[in-house]
K.L.:
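Okay, here's the structure, questions in a sec.
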Protein chains: 2
Amino acid sequence: MSRTTVSNAYNRPDQLSPELRRRVLETARRLGYPGPDPVARSLRTRKAGAVGLLLTENLSYAFRDPAAVGVLEGLALACEDAGVGLHLVPASPGREDVAAVHRAGVDGFVVYSVPDDDPHLAAVMQRPVPTVIVDQPRIEGIDRVGPDDAAATTEIAQHIVSLGHRQVGVLCMRLARERNDDFVPPERQSSAHFHVQRIRLEALATAFSAAGVDWSTVPVVERFDHTVDDGASAARQLLDAHPQVTALICTSDILALGAMAEASRRGLRVPADLTVTGFDGIAEAERAGLTTVHQPVLEKGKAAGKLLLGSADRLAPKIITLKTELRVGSTSGPPRTIEQPWFGP
Amino acid sequence: MSRTTVSNAYNRPDQLSPELRRRVLETARRLGYPGPDPVARSLRTRKAGAVGLLLTENLSYAFRDPAAVGVLEGLALACEDAGVGLHLVPASPGREDVAAVHRAGVDGFVVYSVPDDDPHLAAVMQRPVPTVIVDQPRIEGIDRVGPDDAAATTEIAQHIVSLGHRQVGVLCMRLARERNDDFVPPERQSSAHFHVQRIRLEALATAFSAAGVDWSTVPVVERFDHTVDDGASAARQLLDAHPQVTALICTSDILALGAMAEASRRGLRVPADLTVTGFDGIAEAERAGLTTVHQPVLEKGKAAGKLLLGSADRLAPKIITLKTELRVGSTSGPPRTIEQPWFGP
DNA sequence: GTGAAAGCGCTAACAA
DNA sequence: TTGTTAGCGCTTTCAC
């Protein structure tokens with residue numbers, strides 16, 4: 001019996017008689033043949049049947065951030081719909097080993113939130129397969145899915161300005177691949193390799209400058225790791241040095257939750273003594289009443305998957321901008337006022 | 001120039017002069033050669049550089065359950081350490097399409113919590129690659145990682161018995177591939193295709209029978225989907241029919257959290273009016289003070305990954321039993337008592 | 001409905 | 001140090 005017949009038995013049942021097919025499969029089982037080798041088939045058909053996901057955030061933090069989990073879930077859902085696997089590429093912030101990217105047998109990549117100078121990203125760009133980037137970085141000619149960070153951040157800023165705050169502080173996620181758990185000088189802000197963070201800081205700078213605040217005096221504290229505890233320690237560092245601050249703007253809900261914990265530790269009431277805002281709109285933040293920008297993270301992941309899987313015969317790169325919504329909660333209010341002496345009648 | 005030299009330039013830098021290597025890579029770039037094709041390489045080397053994960057729980061629920069996320073994270077960590085990818089096989093409870101399993105280019109599979117009659121599982125077992133099963137099912141000759149469910153459940157049962165409860169109810173996860181959001185007759189309990197659930201129910205039956213409770217009178221409610229809301233509705237269904245119940249034993253923390261929500265909705269105080277227990281020891285449950293069995297989910301995932309990745313030249317199958325710990329919280333207490341008339345002096 | 005032959009792109013022996 | 005050769009296991013024309 002020829003190889004063709006066997007191959008047909010597995011892949012195109014309509015090309016041979018049911019009887020013969022049955023016999024082939026039966027014989028295969030008897031001989032312990034496990035069915036066509038997926039790798040050899042992929043080589044031949046030029047289809048790996050999998051999508052690669054490049055994510056350079058530390059996995060432990062990624063899985064603890066509902067925003068990231070939402071993206072992952074949406075992407076996995078899109079893959080499931082299409083019947084293709086989702087291949088998580090092993091890559092962590094410190095790791096310089098790019099081989100895993102080269103070794104991944106995938107039909108395309110989704111890149112989620114990596115710095116523009118990441119070597120893994122460079123390796124992905126070298127692979128001759130379609131790529132979709134979620135959030136960051138922005139690369140000319142590459143499909144992208146993400147919110148309008150500048151617009152959303154501007155909304156937050158204007159909300160805070162309109163409440164009357166002029167003494168604000170900012171807590172942001174890491175701006176580059178090198179750790180800097182400290183205040184951020186202006187040049188580091190403007191040269192940040194994490195596009196999203198840079199855009200958000202720029203939007204804040206613009207909005208507050210317009211409101212008459214000298215941005216160079218606004219303290220910005222950065223944290224490399226993305227955990228609630230890091231948010232708390234960042235808030236501590238900022239408030240210790242700048243106790244006059246009346247509002248803490250955080251570039252993520254995770255950091256904001258940490259800031260709220262620190263506020264409570266110091267006996268500061270939110271929002272009476274301190275306004276705190278976040279970004280993402282994760283469930284825990286909503287439960288805490290956090291004022292934040294909600295973005296549809298599940299849709300983000302799904303959109304990325306669909307874009308990639310449907311990118312076969314497309315010419316122009318596609319940019320999908322997700323809707324965001326400012327959700328004012330109970331953590332933002334007017335700044336505390338210094339008691340005025342009362343000159344009564 | 002020969003193919004060997006090019007191949008060496010990429011894979012064994014030490015086999016040629018740095019100068020030549022540089023020239024090869026330079027030329028490759030100029031010619032737009034993207035580097036060795038990973039699929040072809042895998043075919044040749046017989047190494048896919050990836051581990052497959054089979055998970056037939058609905059992804060949305062899986063990602064919402066911290067216990068499942070913990071396992072996933074641990075596994076991903078182990079893969080990262082080894083520099084291999086983690087390939088999520090597209091499979092959901094309803095889906096009968098097993099092709100994705102055959103199509104996955106992986107060096108081995110981790111199977112996480114699937115029923116013993118799942119067709120995807122059967123497909124995995126046919127593949128000539130090593131397999132590790134996490135939690136369930138138990139299959140002769142296959143590596144397994146999981147807790148001692150019987151022992152852990154017995155501990156919980158004895159805790160509740162010793163508090164004095166004799167009127168108990170049980171909330172459990174799905175017992176088979178067909179949906180049954182309802183009470184569970186005895187034969188369905190004993191023939192459950194989800195091994196873990198079956199073992200836990202059996203352990204409860206044994207422990208309560210020993211305490212003089214007729215197990216056939218104990219109401220058990222099943223839910224197909226694993227969400228807090230389903231836990232709440234299951235508790236409602238059970239308490240509506242059996243208001244005399246003083247303790248609700250849940251086979252997962254997620255269900256238990258739902259049960260607590262329902263208790264509060266009905267105005268029942270926990271534990272004064274109703275004792276609630278869970279299983280898993282997820283963070284949210286601990287914050288809620290839930291009495292539960294803690295299991296190290298991250299370690300579970302890690303252990304599975306290491307076992308699989310190191311299973312090369314092992315002869316006997318390996319079983320890793322994880323330590324669990326009964327954590328008595330503030331949701332379990334003595335049963336409510338009927339007010340006794342007071343015959344004073 | 002079935003079989004023969006070509007070749008996907010690569011790596012590993014081995015030879016030079 | 002470099003080149004030659006032989007497949008890895010499969011699918012796909014194409015002829016029968």
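Below, read A as the first sequence line, B as the second, and so on, with proteins coming before strands; counting in each chain starts at 1. Just so it is clear, the model here is predicted, and its values are computed rather than measured.
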K.L.:
Between D:dG9, C:dT2, D:dA6, which nucleotide gets closest to the side-chain atoms of B:Arg44?
P.N.:
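Of D:dG9, C:dT2, D:dA6, D:dA6 is nearest to the side chain of B:Arg44.
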
K.L.:
Mind checking ring-ring contact (aromatic ring centres under 6.0 Å, His included) for B:Tyr10 and listing every partner two or more places apart, or none if nothing turns up?
P.N.:
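So B:Tyr10 forms a ring-ring contact (aromatic ring centres under 6.0 Å, His included) with B:Tyr33.
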
K.L.:
With sugar-phosphate meaning primed atoms plus P, OP1 and OP2, does B:Tyr33 contact a base, only sugar-phosphate, or nothing at under 4.0 Å between heavy atoms?
P.N.:
sugar-phosphate

K.L.:
What is the distance from CG of A:Asn11 to C1' of D:dT13, rounded to the nearest Å?
P.N.:
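Between C1' of D:dT13 and CG of A:Asn11: 15 Å.
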
K.L.:
Select base, sugar-phosphate, or nothing to describe what A:Ser42 touches, counting heavy atoms under 4.0 Å on all strands.
P.N.:
nothing

K.L.:
OP1, OP2 of C:dT2 versus side-chain N and O of A:Asn8: anything below 4.0 Å?
P.N.:
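No, no such contact exists.
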
K.L.:
If we ignore angles and hydrogens, is there a donor and acceptor under 3.5 Å between the side chains of B:Asp280 and B:Gln295?
P.N.:
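Note: B:Asp280 and B:Gln295 side chains meet the donor-acceptor criterion.
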
K.L.:
Calculate the interatomic distance between B:Arg46 atom CZ and C:dA12 atom C1'; express it in whole Å.
P.N.:
14 Å

K.L.:
Looking at C:dG9, D:dT11, C:dT11, which one has an atom nearest to any side-chain atom of B:Arg41?
P.N.:
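Nearest to the side chain of B:Arg41 among the choices is C:dT11.
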
K.L.:
Just compare D:dT2, D:dC8, D:dT12 and give me whichever is closest to any side-chain atom of B:Leu16.
P.N.:
D:dT2

K.L.:
Will you find, in the side chains of A:His226 and A:Ser252, an N or O donor that is under 3.5 Å from an N or O acceptor?
P.N.:
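The answer is yes; a qualifying pair exists.
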
K.L.:
Assess whether one donor atom and one acceptor atom, taken from the side chain of A:Thr4 and the base of D:dT12, lie less than 3.5 Å apart.
P.N.:
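Check passes, donor-acceptor contact within cut-off.
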
K.L.:
From the set D:dG3, D:dG9, D:dT13, return the single nucleotide nearest to any side-chain atom of A:Asp37.
P.N.:
D:dG9

K.L.:
Answer yes or no: side-chain N or O of B:Ser7 and base N or O of C:dA12 forming a donor-acceptor pair under 3.5 Å.
P.N.:
no

K.L.:
Ignoring backbone atoms, establish whether B:Arg21 has a side-chain N or O less than 4.0 Å from OP1 or OP2 of D:dT1.
P.N.:
no

K.L.:
Side chains of A:Ser92 and B:Glu80: donor-acceptor distance under 3.5 Å anywhere?
P.N.:
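B:Glu80 and A:Ser92 do have a side-chain donor-acceptor pair below 3.5 Å.
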
K.L.:
Assign B:Thr5 to base, sugar-phosphate, or nothing according to its heavy-atom contacts below 4.0 angstrom with the strands shown.
P.N.:
sugar-phosphate

K.L.:
Look at the side chain of A:Thr45 and decide which nucleotide, out of D:dT11, C:dA4, C:dG9, has an atom nearest to it.
P.N.:
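Nucleotide nearest to A:Thr45's side chain: D:dT11.
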
